[in-house]
Protein chains: 2
Amino acid sequence: MSASVEPVPARRGRPGYDREQVLAVAVGLFNEQGYDATSVADLAQRLGLTKSALYHHFDSKEQLLALALDEALSGLEGVLDAPSPDADPAARLAAVLRGAVLVLVDRLPYVTLLLRVRGNSDVERAALERRRAFDHRVTALVADAQRAGSVRADVDGAVVTRLVFGMVNSIVEWYRPDGSVDRERLAHDVVTVALDGMRTR
Amino acid sequence: MSASVEPVPARRGRPGYDREQVLAVAVGLFNEQGYDATSVADLAQRLGLTKSALYHHFDSKEQLLALALDEALSGLEGVLDAPSPDADPAARLAAVLRGAVLVLVDRLPYVTLLLRVRGNSDVERAALERRRAFDHRVTALVADAQRAGSVRADVDGAVVTRLVFGMVNSIVEWYRPDGSVDRERLAHDVVTVALDGMRTR
DNA sequence: GTCTATAAATGGATAGAC
DNA sequence: GTCTATCCATTTATAGAC
């Protein structure tokens, strides 16, 4: 490979976005206003471009949505696919909880968008389907932990799973990477509260 | 008061919806598709009316949103305004948690809609402002409980509050009144998991 | 209280010049 | 890679008949 003359596609003159930059800005706007409430004109305005210039970067508004949702889903699926050193269901569960928080924080805008999808189109329905598959795998993990005696059995396993992952998912509503809570601290706090609750003992 | 001849505004011929019925159907549709993705034509179709007939019932699509959001907010505010017999912050907190779950379940569609509002208009921003006020009052309650030693102090009070109410709010994502989980049972489970966590001891 | 018809604006998306 | 100009479907909302 010979040395490249242009270190990075040098910016000169007009903005000159690439697809990933456009996607990042689009997702930010979708999260601010909602996907449906965001027009391609809104996006063009935020980028300082015209609509036509935008359509040079992607085929449709929905394609941007599909790319963003895949970014979120692949991250979450990675948490479950990661080989676990533990056979102990309780340890696996704690690792998955922690991993989910970290993915959520690291891909915050993408996961935020995912969690707001309602199934309004084929793209959205496909994403919901992948999400459901993820949820089922987690529910199975909680059921394992219940059988092993490490998760309370006086509450339905599916209900605990939903409550605890509802807690995790709610992080997108308020967490800001530039805020005072760092990602490791947050992951630790979530695992603590999920496992042992808020009450002192 | 003399006996009414017509027990209930009798239905005869055309549907003849009143405002509340229209509102209920509208909120259901907003929750299915999203407020922005739902057109007045969609709503008219679901009601079996024309758009024009609908505009006889309300002034604008946004007025429906405002009415729905007030229904949710007044319910939640009622939980905090309810006079508490206890001075103990821990007991007050448990009562608020339980009350919030019950309001959420009893006004499920309205609270669902509220929790999805992003601040896209004056109506939405006013609702977010009322929600923030509610959150602040709850956070203050948790801080009281921490000072009293009944809530763990090794996690930031504002973070615990957000996590636990995130858990409560996430109920709208899956709870169905006709399902297998009844409201009292759910409220009990939420208080249990929020206070003591999912882990066995 | 519901209808048909239509206004006025905005939506996503494309054509073709530079 | 961005522009101006435009297409056509759909949107919120209104006018006026029954």
Side-chain angles (χ1 to χ4, degrees), chain A residues 6 8-30 32-69 113 117-118 120-125, chain B residues 6 8-27 29-30 32-69 113 117-118 120-124:
Chain A
E6 304 254 326
V8 163
R11 297 276 59 78
R12 96 181 73 172
R14 290 307 171 76
Y17 298 100
D18 64 21
R19 259 169 84 108
E20 251 170 74
Q21 292 173 305
V22 169
L23 181 60
V25 174
V27 171
L29 209 49
F30 292 162
E32 277 178 39
Q33 308 184 337
Y35 174 76
D36 291 297
T38 303
S39 68
V40 178
D42 291 338
L43 178 54
Q45 186 175 34
R46 164 121 352 161
L47 288 163
L49 297 179
T50 59
K51 285 197 290 178
S52 308
L54 269 186
Y55 276 99
H56 179 79
H57 292 284
F58 54 83
D59 296 335
S60 69
K61 179 184 165 186
E62 199 164 36
Q63 186 188 38
L64 286 172
L65 180 64
L67 290 168
L69 296 178
L113 191 60
V117 154
R118 316 256 42 109
N120 257 346
S121 64
D122 287 341
V123 164
E124 295 196 2
R125 281 185 288 274
Chain B
E6 304 254 328
V8 162
R11 296 276 59 78
R12 98 182 72 174
R14 292 305 171 81
Y17 298 100
D18 63 21
R19 260 170 84 106
E20 251 169 74
Q21 292 172 305
V22 169
L23 182 60
V25 174
V27 170
L29 209 49
F30 293 162
E32 277 177 39
Q33 308 184 336
Y35 174 76
D36 292 296
T38 302
S39 68
V40 177
D42 291 339
L43 178 54
Q45 186 175 34
R46 164 118 358 158
L47 287 163
L49 297 178
T50 58
K51 287 193 291 178
S52 307
L54 269 186
Y55 276 100
H56 179 80
H57 292 286
F58 54 83
D59 297 336
S60 69
K61 181 184 164 186
E62 197 163 37
Q63 186 187 39
L64 286 172
L65 180 63
L67 290 168
L69 296 178
L113 192 60
V117 155
R118 317 258 40 111
N120 257 345
S121 64
D122 287 341
V123 164
E124 295 195 3

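So you know, we letter chains A, B, ... as the sequences are listed, proteins then strands, and number each from 1.
Rounded to whole angstrom, the span from the CG atom of B/Asp42 across to the P atom of D/dA13 amounts to 14 Å. The NE2-P distance, from B/His57 to D/dA13, rounds to 16 Å in whole Å. Counting to the nearest Å, the P atom of D/dG1 and the CG atom of A/Leu47 are 14 Å from each other. Residue A/Gln63 contributes atom CD, which lies 15 Å from atom P of C/dG12 at whole-angstrom precision. Atom C1' of nucleotide D/dT12 and atom CD of B/Gln45 are separated by 17 Å, given to the nearest angstrom. Taking atom CZ on B/Phe58 and atom C1' on D/dT14, their separation rounds to 14 Å, with Å as the unit. When the P atom of D/dT12 is taken as reference, atom CG of B/Leu65 falls 13 Å away, rounded to whole Å. Per the geometry, NZ belonging to B/Lys51 stands 12 Å off C1' belonging to C/dT4, to the nearest Å.
Between A/Leu64 and A/Leu23, the shortest heavy-atom contact is O-CD1, 3.3 Å. Minimum interatomic distance between B/Asp42 and B/Ala37 (heavy atoms only, all atoms of both residues): OD2-O, 3.7 Å.
The residue B/Lys61 sits close only to the backbone: its heavy atoms come under 4.0 Å of sugar-phosphate atoms, none of a base. Among the protein residues, B/Thr50 comes within range of the nucleic acid bases, having at least one heavy atom under 4.0 Å from a base atom.
For B/Ser60, taking side-chain heavy atoms from C-beta onward, the closest of the listed nucleotides D/dG1, C/dG12, D/dA13 is D/dA13. The B/Ala53 side chain lies nearest to C/dT2 when the options are C/dG12, D/dT2, C/dT2. Checking D/dA13, C/dT2, D/dC3 against the side-chain heavy atoms of A/Leu49 singles out D/dC3 as nearest.
Taken from OH in A/Tyr55 to NZ in A/Lys61, the straight-line distance is 8.5 Å, to the nearest 0.5 Å.
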N/O-N/O pairs, protein side and nucleotides 15-18 of chain C side, under 3.5 Å:
residue : atom : partner : partner atom : Å
C/dA15  : N6   : A/Ser52 : OG           : 3.2

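Side-chain N/O atoms of A/His56 include none lying less than 4.0 angstrom from OP1 or OP2 on D/dC3. When the side-chain nitrogen and oxygen atoms of B/Tyr55 are compared with OP1 and OP2 of D/dA13, one or more of them lie within a distance under 4.0 Å.
More than 12 heavy atoms of other residues, nucleotides or ligands lie within 6.0 Å of CD in A/Gln63, so this atom counts as buried by the packing criterion.
You'll find the side chain of A/Leu65 stays beyond 4.5 Å of the side chain of A/Val27, heavy atoms only.
Residue pairs meeting the salt bridge (charged side-chain N to carboxylate O under 4.0 Å, His left out) criterion with at least one member in residues 44-57 of chain A, sequence neighbours excluded, are A/Glu32-A/Arg46.
Proximity of a side-chain donor or acceptor of B/Gln33 to a complementary backbone N or O of B/Phe30 within less than 3.5 Å is not detected.
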